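Below is one structure, written out as structure tokens; comments come after it.
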Amino acid sequence: MTMKNLSTVTEFILLGLSSDPQMQIFHFLVFLVIYLITLGSNIVIMVVIRADSHLHAPMYFFLFHLSFVDICYSSVTVPNMLMNFLAEHKTISVNGCIAQIFLFILSGGAEAFILSAMAYDRYAAICDPLRYVETMRKGICVQLVSGAWIMGFFYALLNTIFALKLHFCGPNQISHFSCELPPLLQLSCSDTLTNQVVLLISALVFGLSSLLLTLISYIHIISTILRIRSAEGRRKAFSTCSSHLIVVGLLYVTGFLQYTKPRSVSSVVLDEMFSIQYSILTPLLNPIVYSLKNKEVKTALRNILWKFRILN
């Protein structure tokens, strides 16, 4: 039996960030620019990595896939969000809402584990450089990225299966610009205790496992760097990791707060700020952080632009 047959509510109204028409146009323009920059910058990184043979290394293999998942992550919510800024009826079907939740959790989960794989890559490069080529051979890198998507899939599937059992018969207004599981649970006429427990446990298990892998890698990395006698050597080693730590911090802090905080501390404004940070700004900042702090990426981009200029 489908969700539609179980529910008297067949669609939700997304209230968005503001009900003021002028503010909606302003928000549309701001988030359109952010989305276009996100798409453009991530696509550029993917093209540069594929085009330059000097970047065919494990670190850039993971960066390529991080850019891809960032495009997916942002595209799950932003296009629909932009349409709703201009639409008179800002609605989404119940099944469409749950599908958006599935894709959102899938992309977010995959991103978290790809960041863990990137931390392991930095661990192998800094702590065991003599065996780096063997440790991070192509087959291992493919398995790590595939595992990231598989973990994200099971994380999303687990929560979506329980969400499909929810019954909606009352208010159908979501005080958010997209469908996310915590606000959806508040609208259900069903007992949502099981859903809340599954959401909390899965967020802790999947989130903390990926975070733990990252932290263990960086504990070893920092310990190794501190043993380097040369100040220049320590600076160079830290510079290769700082951008990754920035990205991890931005994603985990807001994501964990959003999906593990109790309902009693829930706030519409706070929830929207957290969501904007990890679902819209993080995919925007990832390519900027990595490209601005990575000389090899900047050099490869300049070389490609120079070749393109010569050909024209």
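In this text, all values refer to a predicted model and were calculated from it rather than measured experimentally. In what follows, residues are counted from 1 in the order of the sequence shown. Heavy atoms only: backbone and side chains are in, while hydrogens, waters and symmetry mates are out.
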Begin with the C-alpha distance, continue with both residues' side-chain angles, and end with the deciding distance and a verdict on ring pair (Phe, Tyr, Trp, His ring centres under 6.0 Å) for F104 and Y73. CA-CA 6 Å; F104 186 79; Y73 198 19; 5.3 Å; yes

Dump the intermediate steps for ring pair (Phe, Tyr, Trp, His ring centres under 6.0 Å) on F206 and F154, then the final yes or no. CA-CA 10 Å; F206 286 94; F154 280 113; 8.1 Å; no

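Stacking of R122 on the aromatic ring of Y218 is not recorded, the 6.0 Å distance cut-off and the 45° axial limit not both being met.
Of the possible polar contacts, none joining the S74 side chain to the P283 backbone as a donor-acceptor pair under 3.5 Å is found. At least one donor-acceptor pair closer than 3.5 Å links the side chain of Q100 to the backbone N or O of C179. In this structure a side-chain-to-backbone donor-acceptor pair under 3.5 Å is missing from D52 to V48. A donor-acceptor pair under 3.5 Å links the side-chain atoms of S202 to the main chain of L199, judged by distance alone. Not a single donor-acceptor pair under 3.5 Å links the side chain of S223 to the backbone N or O of I219. Remark: side-chain polar atoms of N195 are paired, donor with acceptor, to backbone N or O of F162 under 3.5 angstrom. At distances below 3.5 Å, at least one donor-acceptor pair connects side-chain atoms of S210 with backbone N or O atoms of G207. The closest donor-acceptor contact from the side chain of T135 to the backbone of A124 lies at 3.5 Å or more, if one exists at all.
For E180 and S275, the side-chain atoms include at least one donor-acceptor pair closer than 3.5 Å. Y120 and T214 are not linked by any side-chain donor-acceptor pair at a separation below 3.5 angstrom, with hydrogens and angles left out of the test. Inspection of the Q24 and N84 side chains reveals no N or O donor paired with an N or O acceptor under 3.5 Å.
Results of the side-chain contact (heavy atoms from CB on, under 4.5 Å) test with I34 over I37, L36, V30 single out V30 as the only residue that passes. Each of I174, L166, T192, N172 was evaluated against L187; a single residue qualifies, I174, per the side-chain contact (heavy atoms from CB on, under 4.5 Å) test. Screening N159, T160, I92 for a side-chain contact (heavy atoms from CB on, under 4.5 Å) involving I98 leaves a single residue, T160.
Within a 6.0 Å sphere centred on CZ of F68, heavy atoms belonging to other residues, nucleotides or ligands number 12 at most.
Residues S75 and P79 come closest through the heavy atom pair O-CD, 3.2 Å.
Aromatic rings from Y60 and H56 are positioned such that their centres are separated by 6.0 Å or more.
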